[in-house]
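Each remark here refers to the structure printed beneath this line.
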Amino acid sequence: MYQTTKPRGDSPVSIIGAGIAGAWHALLFAQAGYPVTLHERSDAAMTDATSHWAGGMLAPWCEAETSEPVICRLGIRALTLWRDHFPLVPFNGSLVVAHARDRADFERFARLTSGHRRLDARALSELEPSLEGRFRDGLFYPDEGHVEPRRMLPQIHAAIAKAGGTIRFNSEAAAGDLDGIVIDCRGLAARDAEPSLRGVKGEMIVIETAEVELARPVRLIHPRWPLYVIPRGDGRFMLGATSIEAEDTGVSVRSALELLGAAYAVHPAFAEARVVEFGAGLRPAFPDNLPKIAIDKHRINVNGLYRHGFLLAPALAELTLAYVTRGEIDNEVMQCA
């Protein structure tokens, strides 16, 4: 990091986009004493936001299998911010399993990631009794966590208001019409400022059953259709893991069959579960799939969180705040015009 010219510390801060990135920016700036206004074009339900369809996994060590080191670095820092600001967020760890036929992929995952310990069949069943007899071993990442996005986002919005920030829903704010520091967290809607953005579809299915209980996300390693099963409470589970280079928001028959088939492979009782919801969100991504904070005087664009929105948002907001208050630049993430 190095010092650069920074905006005035008493400037009003306007943030566009109340999804997970914009919400964390508004929260940290409001708590730092800035006059903050958060603008969101949709209503408070935010059913059109990418955050509405997110998995909410806080798993930087697992993500190291397919992500650049900067994702793990920022993700680990973000875990501390989640714990500090929302102590009730569950940090029960995450579990990675595979069937015997996929042993090579399982061992590859273990080599490419850290922060885990290997469990034998007995220890695995003690950790997750519903999986007893299903897998001969597993990888346990004890420091990882997860949130329920649809419950968490309103909590962050409430914390913003408590810190003195203002949230304006149904507000079609344009950066050029706002005074002071403007932080653009619009995701794909920011293509007017970031034309290289693309949408990567992530599909999800919510199912419900009383036959399976899980205390933490479970990832099933598979060469064709990897899956994560995330407990949502009250017998509900989110199934996800697709990343499709398409910008529609429908769930394909193929994806639905693969997700449901993978869930059945985790536990046969999922075959009798009730399907509650299908859905998909478009994750904003740059060509390199890495996040970027682009600074042009008093306008700051924060985008490209890709599959890591809930994981990275706190750390990116902290970096933006450090720039505004102290002029600090993180060379891996920030670009200055």
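Predicted, not measured: the structure shown is a model, and the values here were computed from it.
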Do [Y] and [X] meet the salt-bridge criterion of a basic N to acidic O distance under 4.0 Å?
X      : Y      : answer
Asp184 : Arg186 : yes
Arg118 : Glu107 : yes
Glu203 : Lys201 : yes

Please check if any side-chain donor atom of [X] sits under 3.5 Å from a side-chain acceptor atom of [Y], or the reverse.
X      : Y      : value
Thr113 : Glu65  : no
Arg283 : Ser243 : yes
Glu211 : Thr209 : no

Over 60° means perpendicular and under 30° means parallel, so classify the ring planes of Trp82 and Phe86, tilted if in between.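 Tilted, since the angle between the ring planes falls between 30° and 60°.
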Establish, yes or no, whether a centroid distance under 6.0 Å links the rings of His116 and Phe140.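 Distance test on ring centres: not under 6.0 Å, no.
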What do you reckon, are the aromatic ring centroids of Phe169 and His157 less than 6.0 Å apart?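 Yes, the ring of Phe169 comes within the 6.0 Å limit of the ring of His157, centre to centre.
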Is the positively charged end of Arg198 above the ring of Phe286, judged by distance under 6.0 angstrom from the centroid and angle within 45° of the axis?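 Negative - Arg198 is either too far from the ring of Phe286 or too far off its axis.
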Please test Gln31 against His85 for side chain to side chain donor-acceptor pair (under 3.5 Å), starting from the C-alpha separation and ending with a verdict. CA-CA 11 Å; Gln31 290 180 338; His85 287 80; 2.9 Å; yes
Given side-chain contact (heavy atoms from CB on, under 4.5 Å), test Asn303 with Leu197 step by step and report yes or no. CA-CA 9 Å; Asn303 219 315; Leu197 282 170; 3.4 Å; yes
Check whether Asp120 reaches the backbone of Ala123 with its side chain - one donor and one acceptor, N or O, closer than 3.5 Å.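 At least one qualifying donor-acceptor pair exists.
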Return yes if some donor-acceptor pair links the side-chain N/O of Ser11 with the main-chain N/O of Ile181 below 3.5 Å, else return no.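 The answer is no, because no donor-acceptor pair under 3.5 Å joins these two groups.
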Exercise: identify the closest heavy-atom pair between Ala30 and Val36: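 Where Ala30 meets Val36 most closely, the heavy atoms are N-CG2, 3.6 Å.
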If you take all heavy atoms of Pro149 and Phe310, which pair is closest and at what distance?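 Result for this residue pair: CB-CZ, 3.4 Å.
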Going from CD1 on Ile244 to OG on Ser252, what distance comes out if it is rounded to the nearest 0.5 angstrom?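 Answer for the CD1-OG pair, Ile244 versus Ser252, is 5.0 Å.
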So do the side chains of Pro60 and Leu311 get within less than 4.5 Å of each other, counting heavy atoms only?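 Yes, at least one pair of side-chain atoms sits under 4.5 Å.
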Can you sort out the partners of Arg216 under salt bridge (charged side-chain N to carboxylate O under 4.0 Å, His left out), two or more places apart, ordered by chain and number?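 With sequence neighbours excluded, Arg216 shows a salt bridge (charged side-chain N to carboxylate O under 4.0 Å, His left out) to Glu128, given in chain and number order.
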As a test of understanding, state which of Arg103, Arg117, Arg122 forms a salt bridge (charged side-chain N to carboxylate O under 4.0 Å, His left out) with Asp137.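 Passing option: Arg103.
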Over 12 non-hydrogen atoms of neighbours within 6.0 angstrom of CD in Glu277: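 Above 12, so yes.
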